[in-house]
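Written below as structure tokens is the structure these notes are about.
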Number of protein chains: 2
Amino acid sequence: MSTPPPRLSPTELAAYFAFTEVSSLLRHAVEKQLRDVGKLSYVQFQLLARLGDAPDGSQRMTDLADGVVYSRSGLTYQAQSLEERGLVTRGPSPEDERSTIVAITDEGRDVLAKVFPGHIEAVKTHLFESLSAGDVEMLARVMGQVSGHLRAEPPRSAGGRRRKSN
Amino acid sequence: MSTPPPRLSPTELAAYFAFTEVSSLLRHAVEKQLRDVGKLSYVQFQLLARLGDAPDGSQRMTDLADGVVYSRSGLTYQAQSLEERGLVTRGPSPEDERSTIVAITDEGRDVLAKVFPGHIEAVKTHLFESLSAGDVEMLARVMGQVSGHLRAEPPRSAGGRRRKSN
DNA sequence: TATTGTTATACTCTATAACTATA
DNA sequence: TATAGTTATAGAGTATAACAATA
């Protein structure tokens, strides 16, 4: 009558629990470091990092929102906050008057630079410290496979179908 | 003069990015499923799951807070919310009048049961679907190693030293 | 009409500090 | 005094819906 309950093997269960624990501890550590050193939330750091990586240090609001998976109003909120701190500027696009272009400032790059060493340190400590080179390679391969798979098929289970309808 | 900047190898960088992406997508999917099917936040699910696992389905507030790494006021807030929904009860401990014992109700177990299949489904879809049995074993081993290492040494970098002073 | 972005608003979550009561 | 828990409060973050401006 009903579908059989889905199951996880003991190994899968162990992998899931350990994975969850590690990612949670890593995330907490990274968030604390960003807050303490740069007064940045994780989302704000992601936004700055994206802008820092962009060729001219700027992006449209919509493209930023898509990258971070975020509601547009949520992005407006964060962009305002970053602008008030002088870490980004916002201005209209020359090409499309509807668009707002967000650009990282020198101050923004300074904060990014200030935060970076500790960020890497936290990742080393909470993820790589106890792993061999082979382990790291393995991890890169397996995680790369999963993320590639997830990108390939927007998982249709557990919810709706669209990627980010907003 | 200054310490050299810490670095990540290309492989480490790849592993870190992929790991972060997977854990973020998995977390989002799980949270959405819990919300849609059981109207539970992730923290609430963790609390219920812990109570469900406890021998007599109950725990002291403090022990619960320790397990989930949470401020006590935050736990009070969530426990009240769960109590209002009839998923847990709260009462004084017979042994220590200061303590509050939280116990899962039959309704709480029902919600847990209702939410569980989809939870497992989400984990399968977002983590294991594209992995071989060997990959899963590898992942379990490596993640187990990292989490074991993190438990062994409360990482002293990037912050204070106490585990959870509250 | 469709798209870009902002605003108004409401809600959830979290933490800090002050407080009560037991030990 | 120290511990367990609650309350008051304040702040960050998020989302939805309504809106204005431009394409």
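Values below: every heavy atom of this structure, side chains too, minus hydrogens, waters and symmetry copies. Order of the sequence lines sets the chain letters (A, B, ...), proteins ahead of strands, with each chain counted from 1.
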query = Between B/R60 and A/S81, which is nearer to the 5' end of DNA chain D once each is assigned its nearest nucleotide?
reply = B/R60
ask   = Less than 4.5 Å apart, any side-chain heavy atom of B/S147 and any of B/L150?
value = no
message = Can you confirm whether A/D106 is buried at CG, in the sense that more than 12 heavy atoms of other residues, nucleotides or ligands lie under 6.0 Å from that atom?
response = no
ask   = How long is the line joining OH of A/Y77 and P of D/dT16, in whole Å?
value = 17 Å
ask   = Quick one: does B/E31's side chain get under 4.5 Å of B/R35's, heavy atoms only?
value = yes
query = In whole angstrom, what separates B/Q78's CD from D/dT6's C1'?
reply = 15 Å
Length of the line joining B/Q59:CD and D/dA4:P, which is rounded to integer Å = 14 Å
message = Given D/dG13, D/dT6, D/dA23, identify the nucleotide with an atom nearest to the side chain of A/E97.
response = D/dA23
key: Residue B/R72, side-chain heavy atoms: nucleotide from D/dA15, D/dT6, C/dT6 that is nearest   = D/dT6
request  = Could you tell me whether the phosphate oxygens of C/dT6, OP1 or OP2, come under 4.0 Å of any side-chain nitrogen or oxygen in A/R98?
outcome  = no
query = Do any side-chain nitrogens or oxygens of B/R90 fall under 4.0 Å of OP1 or OP2 in D/dT6?
reply = yes
Nucleotide C/dA15, atom C1' - distance to CD of A/E31 in whole Å = 14 Å
key: For A/G86 against A/E107, the heavy-atom pair lying closest together   = O-CB, 3.6 Å
task = Measure from CG on B/D36 to C1' on D/dA15 and round the result to the nearest Å.
result = 14 Å
task = For A/S41, answer base if it contacts any base atom (sugar-phosphate contacts may also be present), sugar-phosphate if it contacts only those atoms, and nothing otherwise; contact means non-hydrogen atoms under 4.0 Å.
result = sugar-phosphate
task = Among D/dT6, C/dT16, D/dT16, find the nucleotide with the atom closest to the side chain of B/S71.
result = C/dT16
task = For the side chain of A/D96, starting at C-beta, report the closest nucleotide among D/dT22, C/dT6, D/dT6.
result = D/dT22
request  = Provide, to the nearest angstrom, the distance between the CG atom belonging to A/L82 and the P atom belonging to C/dT6.
outcome  = 13 Å
task = For B/R35 and D/dT16, give me the distance from atom CZ to atom C1', rounded to whole Å.
result = 14 Å
task = Step through it carefully: locate the ring centre of A/H119, locate the ring centre of B/Y16, and say whether they are under 6.0 Å apart.
result = yes
ask   = Within the pair A/S99 and C/dT3, is there a side-chain N or O less than 4.0 Å away from OP1 or OP2?
value = no
N or O in side chain of B/Q80 less than 4.0 angstrom from D/dT7 OP1/OP2 = yes
request  = Measure the distance from CZ on B/R85 to C1' on C/dT12 and round it to the nearest whole Å.
outcome  = 14 Å
